[in-house]
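Predicted model, so just to flag it, every value in this text is computed and none were measured. Letters go in sequence order (proteins before strands), and every chain restarts at 1.
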Amino acid sequence: GAQSADDAKLEQLKQQGFARVAIANEPPYTAVAADGKVSGAAPDVAREIFKRLGVNDIVASISEYGAMIPGLQAGRFDVVTAGLFMKPERCAAVAYSEPVLCDAEAMLVKKGNPKGFKSYEDIAKDASATVGAPGGGTEEKLALNAGVPRDRVIVVPDGQSGLKMVQDGRIDAYSLPVLSINDLMKKANDPNLEVIAPVQGAPVYCDGAAFKKGDEALRDAYDVELAKMKKSGEFAKIIEPYGFSAKAAMSTTRDKLCAAK
Amino acid sequence: MAWDWDFVREIMPTLIQGVKITILATILGSILAAIVGLGIALARRSENRFVSRSVGWFAEFIRGTPLLVQLYFIFYVLPDIGILLPPLVAGVIGLGLHYGTYTAEVYRAGIDNVPRGQWEAAKACNLNGRHTWTHIILPQAIPPMIPALANYFIAMFKETPLLSAITVLELMNQAKSVANTYYRYIEPMTLVGAFFLVISLCSVVLLRWLEHRYGRIER
Amino acid sequence: MPAPIIKVDAISKSFGAFKVLDGLSMQVMPGEKLALIGPSGSGKTTILRILMTLEKIDGGHIQVDGEQLYHMERNGQLLPADERHLAKMRQKIGMVFQLFNLFPHKCVMDNVTLAPMLTKGTPRAAAEKRAMELLDMVGLADKAKSMPAQLSGGQKQRVAIARALALSPKIMLFDEVTSALDPELVEEVLNVMRKLAAETDMTMLLVTHEMGFAHDFADRVLFFDRGRIVEEGKPDEIFRHPKQERTQGFLKKIIAAGHRV
Amino acid sequence: MPAPIIKVDAISKSFGAFKVLDGLSMQVMPGEKLALIGPSGSGKTTILRILMTLEKIDGGHIQVDGEQLYHMERNGQLLPADERHLAKMRQKIGMVFQLFNLFPHKCVMDNVTLAPMLTKGTPRAAAEKRAMELLDMVGLADKAKSMPAQLSGGQKQRVAIARALALSPKIMLFDEVTSALDPELVEEVLNVMRKLAAETDMTMLLVTHEMGFAHDFADRVLFFDRGRIVEEGKPDEIFRHPKQERTQGFLKKIIAAGHRV
Amino acid sequence: MTQWSGYLGLILQGALVTIELTLMGSVLALIMAFLAGMGRVSRFFIVRALATTYIEFFRGTSIFVQLFWAYFVLPFAGLSLTPLQAGVLALGLNVGAYAAEVVRGAILSVGREQYEACTALNLGRWQGMRHVILPQALLVMLPTFGNNAIELLKATSVVSLISLADLTFQAQVVRSQTGSTLMPFLSVLIIYFALALIISWGVRTLERRMARGLDGVRV
Ligand SMILES: Nc1ncnc2c1ncn2[C@@H]1O[C@H](COP(=O)(O)OP(=O)(O)OP(=O)(O)O)[C@@H](O)[C@H]1O
Ligand SMILES: Nc1ncnc2c1ncn2[C@@H]1O[C@H](COP(=O)(O)OP(=O)(O)OP(=O)(O)O)[C@@H](O)[C@H]1O
Ligand SMILES: [Mg+2]
Ligand SMILES: [Mg+2]
C-alpha cells in the first residue's frame, strides 16, 4: 500500500541519481558561488544526507519563498531546505524532518534604533512604523500576529531589497533570522545600520527539510540519517562554520515545534 | 487539493483591496503614458537632430527591455542618486514611461495618417505651425488613435502584477500573500485569473465600441 | 506695360537624382489667365507647388508681386527666406488642389472662415458674411452647415475654391481641379472657374488635362515637357497649329484618347 | 438563329435598402460585342460582377452557355448553386478590372500562368508557352520577367487582359478598363481590345465612359439608368439619335465635359 | 566593483536561458498564430469559435497567471512539465494569441480586389489563400511579428516566478550574493536591449528581402 509507494520514492531518487531541492536566495542558509555552485548550511546538510541514503547528488533550484510549498505540492521538488521554519500550520501543509537549522529573529534598523524597537509589538504600537519581511515568511506572520496592520507589513522580495529599503528609509525595520541579517550586514558594511537581535518575544525557530505530504517514508529515512549525523558530530561540523548552532537544533524536536502555539 | 468556496469567501475582501490598487495604478499609469507618449512623439519629429535622435534611442531602449527590470532599477537604484520614490509612485512612473514609448508610436501613426494634403492645405491657407497642429492635424489625428491607446492601457492593466516586485500591494501580491498565509494556492490564483479575464472581456466590448465610434487603426 | 506679377528665373528642382525642373523661366502678367499643359511627369504640378512654397527650389529666383519669394533682402544681401517672410508672401497666393484637401472635421462654413479668422484676425461675423458671399458665388450657399463627407466631388471642389478665395489672394493656382471628378460633375466646377475668370482680375495659373477648357479659359498656354517650357502662345496657336513636334505628338494622343480640344 | 449565350431574366439585387438592379433582363448572343453605358451608380459594374459571381443575386435567373449560373438542377429541382457548380461556370467567364488587380508579388509571367496551372493543371512549360503568345499579342513579350510595380498603368492593364485570356473563357467582361489610366496610356489598351474584338469570336461585355470607343467597338449598346436598361440599340442609333430623354441628357453632359463621342 | 564581475558568468548563463526561452517560445507562438489567425477567418463556425476562445483567453488573463497555472496547477491534472517546458508553453501560447490577431489583420488587409481577382481566375479558396493572399499578408505581418518577438523576450523576465534561472533571476541572485545592486541590473538591461536590437535587425533584413520587387525596384 502506501508504504511501498513511499519506498518507491526513494528508489526512484536513487535511480535517477539526484534529488530536486528548493532553496532560498538567502545567505547563509544558501550561498551561490561565482561559478554557480550551490552551498550554504541547508543544501550542504541535504547533500550529505542524500549521499548517505544512496542518492548521489542534489539539484538545487533557487525559488521564491512563496513558490516553495506550491512547488512541493505540485511535485516540482522532492524537498525544500530553505529555512522554512516549523510552525503548526506549515506542519499541516508539509511533512517536516527533525530540526536542522535554528535561529532567532532579528531586525535591521537605522543606526541608534531611532524608533526604539525591541519587539514586533513596538512596531504595532507606533502608528507610523513599517516593517519589511519576506512574503509568506515567519517574520511576516509574527508581525501580523503582534498586531501590526497588514498595510504596515511590507512584503519584500529578497534580503538585498530589504536592506536597501532600510538604507533608503522606505521601511523602518527589516526582519529576518539573525544569521541572515548578519550576513546582509557583513556584505553591506554600512555603518549607518544596526542589528537588533534577538527580537524580544519572538521564539527561536528551527527549520527542517520539508517533504510533500505522502512522502513520509522518505522523510523518515532522512530523519534516521540526520539523527546519526547529529550524534557523530558531523552535523555540527557542517553547519557551525555558517554560524548556526547544532546544540539548538538538537535540544528540540519536530513534535514540540509543530505543537507550539 | 479541492476547491473550497468558504476559503474564497474568506479571502475576497483582501483581494478586493488589491483590485483597488491595481485599478489605481492602471489609471495613473495610463494618464502618464498618454502624456509621455505625446512628448516623445513630438520630440521625435523635432527639427533638432540631437533631440529627435536621443529621444528616439531612449524610447527604443525602454521598449526593448523588460518592465520588471526597469521597476527594480527605478525602485532600488535611483535612491543611490537621491531619488526616493514611494512604491506606488515608482510603479506608476515605470508603467507610464514604459507604455509611453508604445503610445508614442500610436501618436506617430495617428499623425502620419493625416494625409499630406491636409498639411499642404493648411499651408496654402497660410496657417502657422501652432494653428496647423491645433486646428487641423491633432483634431484629425487623435480620434482614430483612441482604440489603439485604449488597447495599450488594457495591456498595462495586465502587467500591474509586476509591481509586486517593488512591494506594491496590488492584486497579485495580495493573492500571493494570502496564499502563503494559508498554504492554499489554487483559489487565490484562479480568482486573480478570473478577475483579469472578466476585466479583459469587458474591455474587449469597450474596445469594439471605441473602434466602431472612432474608426480602426492597426497596431 | 505693367511689371509682371510672377517672374520665374532659371529655377531648378530635383527629387533625389531626378531633375524635375531644369532652368525654367517664365513670366506672368497681372490678371493674366495661364494654362499649363503637358505630359504626365513634366513638372506642371511641381511649379505650382513651388509657387505655393510647398516645395523648396534648388537654384534660381522667383519674384512675386515685386518681392523675392524664396529670398529676402537684408542689408542689401539676399538671404534664404525665413518662415515669417514666407508667411507674408503666401498671403498673395491661393491654391486649389486636385483632391480638394478640405478639412474633413470642419463644416463647409468653418472650412472657409478658418484661415481668415486665424491668419488675419477677421472677426467671426465678418468672416462668415464674406464666406456666405463666396459660397453663394460657387452655388453652395445652402450647404454651409454640411460636412465635407456629405458633399459630392464637384461640390467639394467648389468649396475648396471658395476657401482659397476667402483670403483674397492676388494669384490663384489650380492643379487639375477636375481630374478627380466624375465626368458629370466636371462642368459645374468649370462653370465656377469661368465665372471667376470673367468677374475678377485675379491672376490665375491652371494645370489641366481638359484641353477644351484650357482653350476657352486661357489667355496664354504653356506646354511643358521634361521640366522645360517647350512651346508657348495663344490657345489657338498651340492647339490648332503647334510648332514643336513634341506638342503635336502630345495633342494627337490626347485627341485619340477621346478628349475634345 | 443560335441560342443566346447569356440570358439574364428579371434579376434584382440590393445593397441594404438600396435597390441597385431592379428586375433587369437582357440577352447576349455568342460572339456579340456589347457596350454598357450610363451614369455613375446605375448598376453597370454590378451586373458584370454578378456575371463573374462576385456578388450574389436576390432574385431572378441567369443562364450562361445553356446552364443556370446561380442554380443547379438536381432531380428536376432548381437548387442554389454550390461552390463546385460555380467553379465550373466560372471557367466560361473572364473579367478585367478597372484597377487591374494584378498579383503584386508575382512577375508578369507568373500572373498569367498561375491560374491555368492551378485550376486546369496545365504543365508549366505549356502554360508559359501560351502565356508568351498572349503577352506577345498584348505587346508585352519583353516584360515577362518584370514585376507589376515596374509597369505603367497601361502595361498593367494589358497584362490583366492576357491573364484573363489565359483561361480561354467564352465570355470576357471589361469594367472601365481605361478609366484609371493617364490619358496618354488609354490608347494602347484600346488597341489591344480592338485587336481582340477583330481576331476572336469571344463574347465581350464592356462597361466604359469612353463613348468614342464604345461607338467603334460595340455591336450593340445598352444604356443603364437606376438599375434598368432604359434604351438599347446599334451604336449609331444610341449616340446620334437617342430616343429617351435620360439618354439625351446623359450624352449632352458627357460631351460638354470634353469627351468625344 | 570587481567583486561582482566574477558573477558575470552567472549572468551570461541567464542570458542563455533567456535566449533559449525566446527562440522556443517564438516558434510555438508562430505556429499558434497561424493556426488561430487563419481559424478566425475560417468559414466554419466551430473553428472560428475555437480560435476566438483561445485568443481571448490568452490575451485576457495575465501572463503571470498563465505561468502559475502551467507550472503549479497543471501537475494536478497529471501534466508535469519542466520549468523550461512550462515557460515555453505559457509564453508561446500567450504571445501566439496576440500574433494570431496580427495574422488575421494581415489577411484582411489584403485588398478585396485580390480576392476578387482570385475568383475571376477561378482559383479555389485554399489556392487563392496559399498563392495570392498569404504571400502578400506575410509582408504585412513581418514588422509586427518582430515586435511580438521582442515582447516575448521581455516577458521571459517573469519566468523567475517558476524558478527558471533566466537573466533577471540571475541578476537577483548576483545581487543577493554580492550586495551590489546597480551593476547586475545595468548589465542585464544592456543585454536585453542588445537582444532586442538583434531581433529587430533580423526582422528588418527579412522584410527587405521579401519586399524586393514589390516596390518596382529591379530584383
Ligand atoms: N515628392 C516627390 N518625390 C520624388 N519625386 C517626385 C515628387 N514629386 C514629384 N516627383 C516626380 O517629379 C516629376 C514631375 O512631377 P509633377 O507632379 O510636377 O508632374 P506633372 O506634370 O504634374 O504630371 P501629372 O500630369 O501626372 O500631374 C514626376 O516624375 C514625379 O514622379
Ligand atoms: N458593396 C456595396 N455595398 C453597398 N453599395 C454598393 C456596393 N457596390 C455598389 N454599391 C452601390 O450600388 C450602386 C451601383 O453601383 P455600380 O458600381 O454598379 O455602378 P456603376 O454603374 O458601375 O457606376 P460607375 O460608373 O460609377 O462605376 C452605386 O450606388 C453603389 O454605391
Ligand atoms: Mg500634376
Ligand atoms: Mg462601375
One pair to check against side chain to side chain contact (heavy atoms under 4.5 Å, CB included): B:Y76 and E:L182. What are the steps and the verdict? CA-CA 8 Å; B:Y76 294 119; E:L182 176 67; over 6 Å; no
What distance separates E:I190 CD1 from B:F61 CZ, expressed to the nearest 0.5 Å? 6.5 Å
Any side-chain heavy atom of B:E159 sitting closer than 4.5 Å to one from E:K154? no
Any side-chain heavy-atom pair from B:Y72 and E:T168 closer than 4.5 angstrom? yes
From CG (B:L71) to OG (E:S157), nearest 0.5 Å: 9.5 Å
Within 6.0 Å of CZ in B:R53, more than 12 heavy atoms from elsewhere: no
Would you say that E:F68 contacts B:V192 through its side chain, given a criterion of any heavy-atom pair below 4.5 Å between the two side chains? no
Counting heavy-atom pairs under 4.5 angstrom with chain E, the leader among B:V204, B:T190, B:V198, B:L67 is B:T190
Quick check for you: to the nearest 0.5 Å, what is the distance between E:N147 atom CG and B:E105 atom CD? 8.0 Å
Say you draw a straight line from CG of E:L167 to CG of B:L68; how long is it, rounded to the nearest 0.5 Å? 11.5 Å
Minimal non-hydrogen separation, B:S200 against E:G60, with atom names: OG-O, 2.6 Å
Side chain, backbone, both or neither of B:T160 within contact of chain E (heavy atoms, under 4.5 Å): neither
Heavy-atom pairs under 4.5 Å with chain E, option from B:F157, B:F195, B:F73 with the top count: B:F73
Under 4.5 Å between any side-chain heavy atoms of B:L162 and E:F64, yes or no? yes
Determine the minimum heavy-atom distance between E:L189 and B:T65, stating which atoms define it. O-CG2, 3.3 Å
Should B:L201 and E:E56 count as side-chain neighbours, where that means a heavy-atom distance under 4.5 Å? yes
Given the ring of E:F193, does B:R63 sit roughly above its face, with NZ or CZ under 6.0 Å from the centre of the six-membered ring and within 45° of the axis? no
Tell me, side chain or backbone of E:I63 under 4.5 Å from chain B's heavy atoms, or both, or neither? neither
Find the distance between NZ (B:K158) and CD (E:Q66) and round it off to the nearest 0.5 Å. 9.0 Å
